[in-house]
J.: 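Here's a structure for you.
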There are 2 protein chains.
Amino acid sequence: MVINPPLKQSSVLRSKYDPQQRITVAVDCIIFGFDSEKLKLLLFRRKVEPFKGSWSLIGALIKNDVSLDQGASEILYRLTGLRDVYLKQLKTYGAVNRDPVERVISVAYYSLIRINEFDLKAVEDHDARWFDLKDVPDLLLDHGRMVQDAIRSLRLMARNRPLGFELLPQLFTLPQLQILYESIYDTKFDPRNFRKKILSLNILEKTDTKDMSGSKRGAFLYRFRKNSLDGSSMSNGEFEKLKEVIQF
Amino acid sequence: MVINPPLKQSSVLRSKYDPQQRITVAVDCIIFGFDSEKLKLLLFRRKVEPFKGSWSLIGALIKNDVSLDQGASEILYRLTGLRDVYLKQLKTYGAVNRDPVERVISVAYYSLIRINEFDLKAVEDHDARWFDLKDVPDLLLDHGRMVQDAIRSLRLMARNRPLGFELLPQLFTLPQLQILYESIYDTKFDPRNFRKKILSLNILEKTDTKDMSGSKRGAFLYRFRKNSLDGSSMSNGEFEKLKEVIQF
DNA sequence: CCAAAAGTGTTAAGCATACACCCATGC
DNA sequence: GCATGGGTGTATGCTTAACACTTTTGG
């Protein structure tokens with residue numbers, strides 16, 4: 001319940017809050033993608049002033065009858081045609097002068113998508129490009145900060161739950177999974193230790209087919225075990241372990 | 001940069017965004033306090049309809065010329081007289097119908113304060129009460145959810161950085177610190193293991209004075225080492241270790 | 001036959017856990 | 001002198017980290 005000066009709860013009683021105080025609210029999306037080689041970020045180039053030519057995240061104003069989560073989903077849907085994209089609210093940026101046009105509060109979300117699964121047409125229509133995380137250019141407004149915050153959050157999250165669900169195709173190889181984690185943490189892991197750790201979690205199922213695209217020998221395909229995360233199929237001890245998943 | 005339908009960047013060019021789409025924005029504060037015995041939550045009782053008698057978080061509408069962080073600080077300042085309270089943005093709640101009076105987006109913050117350091121007058125003026133975390137009553141709107149989210153975030157945060165800074169007085173005893181962590185995680189720790197872990201982090205300085213209030217024998221007072229967290233005074237190895245602080 | 005990527009085991013060190021008794025003091 | 005809370009050490013198992021070679025196969 002909102003309370004404004006004087007800091008008395010009686011002020012909350014008005015049937016409508018002060019319309020003078022309404023603020024423009026936007027959603028901005030940090031879109032991470034993985035193409036089995038590198039973790040990438042989708043950026044959009046402004047075609048007009050101000051900031052013409054600058055790279056930017058994609059966003060939209062929030063209408064009064066749309067929730068924040070819906071707003072973010074819609075951006076992703078219009079862009080990718082995908083409905084069930086993973087979206088996580090990152091943080092809300094509320095500095096008064098962050099947008100020179102007008103005071104805008106922006107709620108940032110980040111999403112994880114499989115690059116191969118959506119067509120590049122939509123991307124090209126928007127003058128967009130995938131960037132390696134290392135090559136992210138300067139972004140307009142506070143979007144650079146948003147991206148930094150999103151990467152930090154992604155890393156934090158990746159040690160608590162296996163993100164492969166969202167970023168990898170249904171069937172994937174252990175080398176791919178390793179590359180994904182190496183991209184996220186910008187480091188290298190020992191393949192023996194990586195496999196040992198991942199397999200000990202009992203969240204993967206090995207298939208008997210191989211992916212031959214990455215090497216001559218081929219690499220076995222795995223899939224994530226459904227329900228491996230809701231705990232119902234696990235003892236307590238295993239579940240506790242899971243919470244510390246992937247702490248290399 | 002905000003973009004609204006049509007999803008074209010050219011729409012961003014307007015000098016002013018559509019004023020029809022402005023939304024009422026509020027800040028709500030989850031206030032955690034510690035009194036050397038239990039971790040508590042400060043709640044406020046509504047005196048008027050709607051929701052008369054319900055317990056609630058404290059909040060305020062955000063004015064167009066005030067940042068979110070400032071808005072949250074001001075609430076805390078008016079309430080406690082303290083200027084440098086720890087405040088962390090938790091999450092933004094944006095469901096369309098979360099407030100029956102009007103569509104309001106609420107940015108939730110949580111703060112950590114030392115209960116003993118501010119006067120209860122301010123609290124009593126607001127018909128407020130400290131609740132043990134276990135006894136939190138039903139709250140109005142989605143405030144209950146906010147509190148649950150804040151507790152989860154607090155626990156997550158407490159394993160990455162020592163929160164004692166914010167919740168304990170400058171000088172404190174190890175038993176107090178242990179009780180604090182036990183409150184946060186709602187569990188018990190072995191005192192030998194707890195001390196070993198905490199002291200191995202090199203973030204505490206022992207003083208040669210004792211606090212005699214808790215026992216006949218008295219317990220040595222400690223303080224947090226300044227700069228123990230900015231990494232400058234530490235080797236890389238130690239800093240890495242710190243990032244995993246307090247993972248009981 | 002060789003280049004390129006996939007796959008595999010062992011050891012040592014560090015960390016977390018479990019556990020029980022003495023100490024200092026006020027009353 | 002006893003009740004109360006403060007303070008201490010050790011042994012065990014587990015997790016992590018470091019490390020190098022063999023396998024498969026397409027070209």
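Letters go in sequence order (proteins before strands), and every chain restarts at 1.
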J.: Under 6.0 Å from the six-membered ring centre of B:Phe44 and within 45° of its axis: does the NZ or CZ of B:Arg46 meet both?
T.: no

J.: Quick check: any donor-acceptor pair below 3.5 Å linking the side-chain of B:Lys210 to the base of C:dT25?
T.: no

J.: Could you check B:Asp190 against A:Pro175 and say which one's nearest nucleotide on DNA chain C is further toward the 5' end?
T.: A:Pro175

J.: Quick one: is the NZ or CZ of B:Arg83 closer than 6.0 Å to the six-membered ring centre of B:Tyr77, and within 45° of its axis?
T.: yes

J.: Going by modelled atom types, is there a donor-acceptor pair between the base of D:dT15 and the side chain of A:Lys196 at under 3.5 Å?
T.: no

J.: Does a nitrogen or oxygen in the side chain of B:Arg195 sit under 4.0 Å from OP1 or OP2 of D:dG7?
T.: yes

J.: Between C:dA16 and B:Lys197, is there an OP1 or OP2 to side-chain N/O distance shorter than 4.0 Å?
T.: yes

J.: Provide, to the nearest angstrom, the distance between the CG atom belonging to B:Asn193 and the C1' atom belonging to C:dC15.
T.: 11 Å

J.: In terms of ring plane angle, is the pair A:Phe172 and A:Phe224 parallel, tilted or perpendicular, where the classes change at 30° and 60°?
T.: tilted

J.: Both conditions, 6.0 Å and 45 degrees, for the charged tip of B:Lys196 above the ring of B:Phe194: are they met here?
T.: no

J.: How many whole angstroms separate atom CD of A:Gln176 from atom P of C:dG7?
T.: 11 Å

J.: Nearest whole angstrom, please: distance from the P of C:dA6 to the NZ of A:Lys206.
T.: 13 Å

J.: Using atom CD of A:Glu37 as one end and atom C1' of C:dA5 as the other, report the distance to the nearest whole Å.
T.: 14 Å

J.: So if I apply the side-chain contact (heavy atoms from CB on, under 4.5 Å) rule between A:His143 and each of A:Val136, A:Asp28, A:Leu43, A:Ile30, which one comes out positive?
T.: A:Asp28

J.: Classify the ring geometry of B:Phe32 against B:Tyr110: parallel below 30°, tilted from 30° to 60°, perpendicular beyond 60°.
T.: perpendicular

J.: To the nearest Å, how far apart are A:Leu174 CG and C:dG7 P?
T.: 6 Å

J.: Rounding to an integer number of Å, can you tell me how far A:Ile198 CD1 sits from C:dA6 P?
T.: 15 Å

J.: Using the six-membered ring wherever Trp is involved, compare the ring planes of B:Tyr181 and B:Tyr185 and label them parallel, tilted or perpendicular (cut-offs 30° and 60°).
T.: parallel

J.: Expected output is a numbered-order residue list: members of residues 212-223 of chain B with a heavy atom under 4.0 Å from any atom of DNA chain D. What is it?
T.: B:Gly214, B:Ser215, B:Lys216, B:Arg217, B:Gly218, B:Ala219, B:Phe220

J.: Starting at CZ of B:Phe189 and ending at P of C:dT17, how long is that distance when rounded to a whole Å?
T.: 9 Å

J.: To the nearest Å, how far apart are A:Phe194 CZ and C:dA6 P?
T.: 12 Å

